[in-house]
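Everything quoted here is computed from the prediction, not taken from an experiment.
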Amino acid sequence: MQPQPPKTTNVPTPARHHAGKTLATLAFALALPHTTAALAQQATPQPQQDTPYQAAHKGGTLRLVASTSGGTLDPQINYSGKYINLFAVVYDGLTTFKKVQGPEGNSVVPDLAENLPTPQDGGLTYIFTLRQGIRFSNGQPVTTADVSASLRRIFKVGSPTAGSFYSAIVGADLCLKTPATCTLKGGVEENPAQRTITIHLVRPDTEFLQKLAFTHAVIVPANTPEHDVGNTPIPSTGPYRLTKYDPNTALSLDRNPFFKEWSAIAQPQGYPDTIEYSFGIPDEAAVTAVENGQYDFMADVIPMDRLGELGNRYTAQTHVRPHAAMYFLPMNVNIPPFNNLKARQAVNYAVSRKAMVIFYGGPGIARPLCGMVPSSLPAATNFCFYTKGASPTAPALQWQAPDLAKARQLVQESGTAGQKVTLITANTSVDMAMGGWVRDMLQNIGYQASIRPISNTLSMTYVQNTANKVQISLTTWSADYPSPSNFLDDLLGCENFHPNSDSSINIPGFCNKQVQNLMDKAKTDTTLTPTQTEDLWRQADRLVMAQSPIAPLIERDTVVLTSARLGNFFYTTVNQLFFSQVWVR
């Protein structure tokens with residue numbers, strides 16, 4: 001399918017302001033020699049101030065493009081950033097993240113609930129009051145029964161975060177064991193007359209309101225099938241509804257006829273009349289299509305070889321924004337060769353994080369990462385075990401260079417030299433470039449290494465399923481909400497390892513009781529100060545890296561390319577480009 005040019009209008013392009021850094025301020029010279037030095041001299045624009053809704057900009061079609069679709073339309077199952085960010089303008093939970101730009105976007109606000117409840121019973125009880133008058137996109141009123149059923153459905157459909165996010169609810173333990181008979185008895189109580197939903201926990205959870213704000217806890221009709229709906233849209237409450245979906249070609253959204261704005265900071269009314277997603281356009285072609293105005297936004301990572309061009313010619317259309325995200329190499333600790341600690345440590349020593357920075361686009365948008373917590377989060381990693389001249393007993397402050405000699409020595413000592421290793425990676429330009437380097441590195445330290453690219457849509461679920469016997473993979477991860485638990489507990493918590501499941505986000509199959517106890521205390525102990533909580537996360541980070549189930553590579557910013565006609569660039573720290581708030585007229 002070839003991209004088609006958009007229809008032209010006589011509406012002038014609105015003035016745009018850009019928050020944060022632009023490519024004009026980035027030092028791409030290390031990775032992109034042809035980028036002009038003049039760009040680095042341009043000043044950083046001032047952050048944009050959010051403005052009240054401007055009806056004059058309402059209308060038009062927002063055109064999005066990606067190389068592949070994002071998988072299932074089931075919001076309680078899908079765990080792809082591509083669709084989670086889209087679902088933010090389609091579905092709502094009891095709570096949500098504030099729809100504003102800047103750090104305030106990390107704040108939790110009430111959404112379908114009238115207010116944020118104060119936890120009772122020492123943090124074990126939350127009582128929510130449901131807003132009146134809200135309807136689903138099929139006209140059906142939202143009731144307390146829908147809320148109760150949606151919370152049960154998280155477990156019945158095997159949501160990827162059922163264990164890590166919602167296991168503290170009373171009755172969740174039984175639901176995790178036998179999802180089909182899940183009742184959450186004693187955990188969720190509804191009072192239709194008072195419009196209240198009471199949630200009881202077995203232990204305090206200092207992040208519970210944030211977890212309820214995540215997409216997997218959105219409220220859907222009580223009669224929604226208790227299985228993955230696949231390509232069939234579920235009625236929704238937000239300003240847009242999903243209408244047509246062919247995962248091979250396109251996805252369409254139009255306005256929800258029953259939506260009436262109840263909170264501008266929770267779910268503001270949208271500007272575009274329709275949102276159209278086109279699939280099957282490779283990333284290189286997508287860059288050109290967005291530059292030319294055939295599409296307004298591309299979802300894929302921009303190939304490194306196009307960044308210099310954007311920095312030279314399309315600075316007004318290119319936006320660099322902070323986002324807690326990382327590239328990493330998860331290693332399966334349960335099968336050879338990486339069931340051996342020394343083999344895993346060898347990979348950590350051998351990888352050139354500088355090379356990974358360059359493959360992503362340069363030091364202006366990526367930085368080496370030695371541990372599990374990106375620098376934009378509390379308790380960010382402040383040590384480096386695996387760099388030249390360092391070790392777990394004598395860490396460095398930051399990564400300096402790979403130590404191939406040490407890596408080869410560890411491979412020999414592990415007894416795994418000469419074994420066959422297959423690296424799984426997504427088939428995007430950036431992932432393939434990184435993956436090719438990692439394959440060569442594995443060969444260099446003593447393995448018979450090969451690379452197996454998989455469709456970007458399927459790669460994440462494929463590497464999670466133990467039935468596929470993946471030894472090592474290259475993948476990326478970003479925060480669901482701003483907490484180190486998103487990287488430590490989500491990716492390495494014992495409760496997130498589910499053999500033979502596509503929803504096993506603990507890809508290495510790692511489970512360490514000492515690490516888990518530290519993480520559980522950080523999540524549940526309401527008596528701790530923020531500093532004490534951060535110290536627990538840092539301890540867990542050090543213990544994890546001593547065991548090396550993962551080789552962190554880089555933390556990365558988000559580079560967003562938009563069309564020249566797109567105005568009111570609106571970026572939130574959680575959902576990134578917030579599609580309902582941009583102008584396309």
Side-chain angles (χ1 to χ4, degrees), residues 76-80 154-169 172-180 182 202-203 205 207 211 214 216 228 326 328-341 343-344 347-348 371-373 424 458-480 483-524 537 540-541 543-552:
Q76 293 191 308
I77 294 176
N78 194 295
Y79 211 176
S80 70
I154 293 171
F155 300 92
K156 286 179 174 290
V157 300
S159 172
T161 57
S164 57
F165 282 15
Y166 311 108
S167 61
I169 300 174
D173 54 343
L174 297 177
C175 291
L176 289 168
K177 291 177 181 177
T178 54
C182 177
V202 295
R203 57 186 179 276
D205 185 343
E207 299 178 348
K211 292 170 181 176
F214 185 59
H216 292 162
D228 187 348
M326 66 186 289
F328 65 104
L329 298 170
M331 292 171 277
N332 193 327
V333 301
N334 297 308
I335 61 175
F338 301 116
N339 57 348
N340 187 293
L341 172 61
R344 302 193 299 270
V347 172
N348 265 288
M372 292 298 299
V373 187
I424 305 297
L458 303 174
S459 60
M460 189 61 177
T461 54
Y462 183 88
V463 301
Q464 291 181 69
N465 196 320
T466 57
N468 296 319
K469 300 187 185 306
V470 175
Q471 298 164 298
I472 184 171
S473 57
L474 170 71
T475 191
T476 184
W477 188 260
S478 59
D480 300 323
S483 169
S485 67
N486 275 192
F487 292 84
L488 282 162
D489 192 40
D490 283 9
L491 293 175
L492 297 167
C494 298
E495 73 277 16
N496 293 326
F497 179 52
H498 308 291
N500 302 308
S501 168
D502 285 350
S503 296
S504 183
I505 56 177
N506 182 341
I507 301 171
F510 177 81
C511 180
N512 181 284
K513 293 292 180 65
Q514 186 180 4
V515 172
Q516 193 66 54
N517 288 339
L518 287 168
M519 296 192 296
D520 289 345
K521 184 173 178 61
K523 293 186 299 178
T524 64
W537 287 119
D541 194 9
L543 287 173
V544 161
M545 289 315 303
Q547 293 297 312
S548 297
I550 279 173

Euclidean distance, [Y] [atom2] relative to [X] [atom1], rounded to 0.5 Å:
X: L491; Y: I550; atom1: CG; atom2: CD1; value: 5.5 Å
X: L176; Y: I154; atom1: CG; atom2: CD1; value: 10.5 Å
X: I505; Y: S164; atom1: CD1; atom2: OG; value: 4.5 Å
X: I169; Y: K211; atom1: CD1; atom2: NZ; value: 10.0 Å
X: C511; Y: N496; atom1: SG; atom2: CG; value: 10.5 Å
X: S485; Y: M519; atom1: OG; atom2: CE; value: 9.5 Å

Nearest non-hydrogen partners of [X] and [Y], listed with the distance:
X: V470; Y: I335; answer: O-CD1, 3.9 Å
X: T461; Y: L458; answer: OG1-O, 3.0 Å
X: V333; Y: P549; answer: CG1-CB, 4.0 Å
X: P179; Y: F155; answer: CB-O, 3.2 Å
X: D205; Y: F165; answer: OD2-O, 4.1 Å
X: H216; Y: P160; answer: CE1-CD, 3.7 Å

Are [X] and [Y] side-chain neighbours, meaning at least one heavy-atom pair lies under 4.5 Å?
X: Q471; Y: P337; answer: yes
X: L474; Y: L329; answer: yes
X: M460; Y: T476; answer: no
X: Q547; Y: R344; answer: yes
X: Y462; Y: I424; answer: yes
X: Q464; Y: P330; answer: no
X: N334; Y: F497; answer: yes
X: M545; Y: N348; answer: yes

Subject >> Worked verdict on N465 versus N500 for side chain to side chain contact (heavy atoms under 4.5 Å, CB included) >> reply: CA-CA 5 Å; N465 196 320; N500 302 308; 4.3 Å; yes
Original post:
Short question: side chain of T178, backbone of L174 - any donor-acceptor pair under 3.5 Å?
Top reply: yes
Original post:
How about S483 and E207: does a side-chain donor come under 3.5 Å of a side-chain acceptor?
Top reply: yes
Original post:
Stepwise, does the side chain to side chain contact (heavy atoms under 4.5 Å, CB included) test hold for E495 with Q516?
Top reply: CA-CA 9 Å; E495 73 277 16; Q516 193 66 54; 3.5 Å; yes
